[in-house]
Amino acid sequence: MELLANLYQGFQICLSPINLLYCFVGVLLGTVIGVLPGIGPGATIALLLPTTFRVSPVAAIIMLAGIYYGAMYGGSTTSILVNIPGEAASVVTCIDGYKMARKGRAGPALGIAAFGSFIAGTLSIVGLMVLAVPLSNIALKFGFPEYFAIMCLGLSIVSYLGRGSIFKSLLMAALGVSLSFVGMDVVAAKPRFDFGLLVLGDGVGLIPLLMGLFGIAEVFTNIEEKTQAREILLTRIKGLLPTVRDWKDSWGAITRGSLLGFSLGILPGGGAVVSSFVSYAVEKKISNHPEKFGTGVIEGVAGPEAANNAATGGGFIPLFVLGIPSNVAMALLLGALMIHGLQPGPLLLQQHPDIFWGTVGSMYIGNAMLLLLNLPLIGLWVKLLKVPYKILFPMVLLFCLIGAYSENNNAFDMLVMLFFGLVGYLLRKYGYELAPLVLAFVLGRQMEQAFRQSLILSDGSFWVFFTRPISAVAMALAAFLLVSALIPAFRKKREKIEAEAG
Amino acid sequence: MNRCKMMVGIVSLFSIGLLAGHVWGAEAFPTKPFELVQPFASGGSTDVMCRTIVARATPFLDNQPCVVVTKAGGGTVIGSKYVLDGYHNDGYTLFSSSTSSLMVAPVVNKANFSWRDFVGINQTMLGSDALFVRADGPFTGLEKFIEYAKQNPGKIKYSSTGTGTSPHLGAAGLAAVAGISIKQIPTKGDAEALTALLGGHVMAASMNPLSALPHVAAGRLRCVAQYGGERDKLVQPNVPTCKEQGVDVELDLWRWIVVPKGVPPERVKFLRAAFMKIFQDKETLVALEKIQCPASYRPGEDYEQVMMKSEKAVMPLIKAAGL
Amino acid sequence: MARSDRIFSFIWIALGVFQCAESCSLGLGSFMEPGTGFMPFVMGLVMTALAIALFLESYFEMKNKPLLKVSLWSDVYWKRVVYIAVIMLAYAILLPKLGYLLDTFLMMVFLLKSGAPIKWPTAIVVGALTAGFSYVLFGIWLSVSFPRGVLTF
């Protein structure tokens, strides 16, 4: 009952006109940024931080938080429409979402993404409300070996992402991890693989890599086609909203995605990217038509979109309860709170419950606002698809270029993006899946760091990964997934050899 | 007559033109926003301090805003190298340096620069990093900590952000002077170090007190010692220093705003004057106190003196710690 | 596809071996204290192993299926891709010199002309509008700091 009383108080706070206004501004900005490829919520939050100094802390957090989860809504739009992810967490949505758009079903795809995000967002806020404190204690149990094991598990998921040879997917993963090593080794402060170029000292940026592999490569792949098949397909737009059948197919994916996203979002350092990949793999594994994944099945959109939105809700838990940010955007929110003289941590809930509950209340409202904002826009976005590609593609390229540039105000990032654009174009031509590369790249450095930290902790013993309960389970699961994916590949080869001999 | 007038006219126009050219030709400063680079993870104590300082700085910088840029990694070396790369010495790029980035990191991480490659604008704070342990653990004070370590060499693992940072040196120096063997697990940022300690994965954490204090207040953590020469009166007045507890370690944590060598002297002068006013601004000082930052202003002219004194204290500690 | 897989697997093997070699020079460290090159070395090994597996897989594929002589390059406008890549390269290099507005305008015009046929007036108008609008959206509203270029206006 105390919970409801607190929530009521929270709503009272966030329903004041000023706070409502800040909520709206935040989610609107967040959506715009999410749609624009390359520019992420982190940069925007950093930019707007100074403007929040003169405002009450509640309003500041409401707006900044709104930008963060708003960006998750917007990110799926470009993934579905033009196969270009708004950020890394929307990469998986490209796989089936874009295929749906090509079949004329962009509307339902966008619709289920919006609805799924809303449901997942709401569920994760409920989770935040009810389970914040007990879950944060569980999150603390994850030490260095556990993180490494979870990341191994995340990587092993890769074996389920592709439709072709599993070795190709794994190769992409290995390449992704190796690419993440370029730059300065954080632990020893030594430069690695930078070929003497000072600019590579910071490593390969995620944004240029993502924009290049998906944005630029996508344009290249389209522009070389002689028959403008794309034009023909998109003129047949079938309906703007998900059908009853779509809902029937998706509700399971949405529920599972929400749970997955929320759980993974709690782990500091975990998050939206990994949960979207895991959700896709789970849906594919338990579906009764796994071979259809990749051709445009709605579960492949509903699940990951639910997961990445639920992860944002989960991500707030370590911040509010422990004062520990799980990613850059959270870290900036932490900074904002501190600048207002509020130290997030165990005492914040006791001494300033209005901040927590006001924010929680605003998240409900923000999610509702986002749904109302995004649904009518679907019609607009679908119309955008009708713009002739010969006019659209230069704009797409320009937006990607700006997105790559804007992170460091460095034109070199554009060159990196172009390089990966060509690489992505070639890889696609020869049948390689690019999603594993992205996941591996995101996980690579963290995985290496966790590995080294674990070995220092265990004084060099590898058993540390297998003797601690959580990490043992995760490692076993990872091994199981990998092996069970590889076995069919080997069996096929054996059959071929036997067929030949006989 | 006409030709005379014409000559006078031409000469005057010429002189006015020259004068105007001289006045407008001298490039105005500043004409674009500043950036304050900080080399630690977002949301950490340095990041928050920088944001607090720049929040009210615009009117003092001729109405040019100053934006905080995070360049973390390599134990602050990535940030330092960015500022020193030769493209950032026009006076628009400032660097929030500290004992870590100017004294410890260049030596420990074998980077080929030193504090001499920078010019000081002003000191921003003077405080101390500290060593934290769990409140429910056996270490009620530094003495017990050292005792346990002596009996179990190499068993204590502590987390601290980065390699070659001031908290790292603090703990390593403490270990060297006290004659014990403890191992560092480097983390990316204070938050990660804190999490490891809260979760019981490490037995101690060496870090800037800012993130840890709420947990100390909530009774989960305990601070056994701070590394500075004197107790930090604002942040942790009740925690004894290492020296007070019989371990001769003196590692002050100071932060200075600096610019790379090569910035034109008039610009340095402008910046020093501007920041002096910023640190006299009541609102800024109150805000800094609110974020538990022990502000302590010193003018840029004191830079060399402060650096040399710090070097004298820090270098032997680095050697002793074997880094 | 199988033949290209075989060729590609050689590339991957080469990459993997190169990575292992570079990692060795970075220092492998020991199990107790893994060095800078440790994980990259492991990854290099993994890459090489996977490449060999890929080679074997495609080898057996080829033996069983008749060789489909479908070239990936015959029926496509791959020259457009090269052209566009060069334009974008020029854009990135010239950006500090020409400034955002001019550089973007020029690039847009060239890009528009590189795709399906477009009339010059259309290209110029669309290019100018895009350059201007994007400048307002990104440069002013979102405060991305673009280079002014030599010809500042």
Side-chain angles (χ1 to χ4, degrees), chain A residues 33 39 44 47 165 167-168 170-171 174-175 177-178 181 185 187-188 190 192-193 216 219-220 223-226 228 388-391 393-395 397-399 401-402 405-406 409 411-412 414-415 418 421-422 425 429-431 447-448 451-452 455-456 459-462 489 493 496-497 499-500, chain C residues 1 4-5 8 12 15-16 19 22 26 30-40 43-44 46-47 50-51 53-54 56-57 60 63-64 72 75-78 80-81 84-85 88-89 91-93 95-96 104 107-108 111-112 114-118 126-127 130 134 138 142-145 147:
Chain A
I33 294 158
I39 303 191
T44 317
L47 201 65
S165 151
F167 296 117
K168 281 183 170 178
L170 290 174
L171 260 171
L175 186 62
V177 176
S178 307
F181 291 148
D185 173 18
V187 174
K190 269 204 288 191
R192 278 197 293 203
F193 299 120
I216 310 294
V219 171
F220 284 163
I223 209 68
E224 69 168 8
E225 280 174 26
K226 285 208 169 156
Q228 288 298 312
Y389 199 64
K390 60 188 183 190
I391 299 199
F393 86 84
M395 303 200 191
L397 288 177
L398 177 64
F399 278 33
L401 281 166
I402 298 177
Y405 174 81
S406 66
N409 288 344
F412 181 75
M414 296 186 189
L415 294 175
L418 186 58
L422 289 167
Y425 164 69
K429 248 184 170 337
Y430 288 104
M447 216 174 79
E448 186 204 12
F451 180 73
R452 285 158 92 165
L455 281 185
I456 299 180
D459 291 315
S461 156
F462 276 98
K493 254 202 300 183
K496 287 220 176 85
I497 301 177
E500 232 176 89
Chain C
M1 192 60 78
S4 58
D5 279 354
F8 257 94
W12 299 127
L15 203 59
Q19 187 163 322
E22 276 285 308
L26 285 173
S30 62
F31 282 137
M32 271 196 72
E33 249 186 80
T36 309
F38 191 85
M39 277 295 248
M43 276 298 129
V46 168
M47 212 189 277
L50 286 170
L54 181 66
L56 290 173
E57 185 186 55
F60 286 116
K63 288 197 115 190
N64 288 312
L72 294 165
D75 206 24
V76 290
Y77 287 133
W78 58 268
R80 275 190 195 168
V81 174
I84 294 178
M88 289 172 73
L89 181 67
Y91 178 77
I93 295 178
L95 188 62
T104 307
M107 179 186 77
M108 288 301 294
L111 282 179
L112 285 163
S114 70
I118 272 190
V126 173
T130 315
S134 62
F138 291 101
L142 292 173
S143 301
V144 180
S145 54

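Remember, it's a predicted structure, so these values are computed and weren't measured experimentally. Each chain gets a letter, A, B and so on, in the order its sequence line appears, and its residues count up from 1.
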What part of [X] is in contact with chain C, defined as an atom under 4.5 angstrom from a non-hydrogen atom: side chain, backbone, both or neither?
X        : answer
A/Phe220 : both
A/Leu401 : side chain
A/Leu422 : side chain
A/Ile216 : side chain
A/Leu418 : side chain

Nearest-0.5 Å distance that lies between atom [atom1] in [X] and atom [atom2] in [Y]:
X        : Y        : atom1 : atom2 : value
C/Ile84  : A/Phe393 : CD1   : CZ    : 4.0 Å
A/Leu398 : C/Leu111 : CG    : CG    : 8.5 Å
C/Phe38  : A/Leu455 : CZ    : CG    : 7.0 Å
C/Leu54  : A/Leu170 : CG    : CG    : 10.5 Å
A/Phe167 : C/Asp5   : CZ    : CG    : 11.5 Å

Could you give me the CA-CA distance, side-chain angles and deciding distance for C/Leu112 and A/Lys390, then say whether side-chain contact (heavy atoms from CB on, under 4.5 Å) is met?
CA-CA 7 Å; C/Leu112 285 163; A/Lys390 60 188 183 190; over 6 Å; no
Checking side-chain contact (heavy atoms from CB on, under 4.5 Å) for the pair A/Leu175/C/Leu15: CA distance, chi angles, key distance, verdict?
CA-CA 9 Å; A/Leu175 186 62; C/Leu15 203 59; 3.8 Å; yes
If the plane angle is over 60° it's perpendicular, under 30° parallel, otherwise tilted; pick one for C/Phe8 and A/Tyr430.
tilted
Top contributor to chain A contacts, counting heavy-atom pairs under 4.5 Å, from C/Gln19, C/Met43, C/Met39
C/Met39
Of the backbone (N, CA, C, O) and the side chain (C-beta and beyond), which part of C/Val126 lies under 4.5 Å from a heavy atom of chain A, both, or neither?
side chain
Quick one, C/Met107 and A/Leu397 - any side-chain contact, counting heavy atoms below 4.5 Å?
no
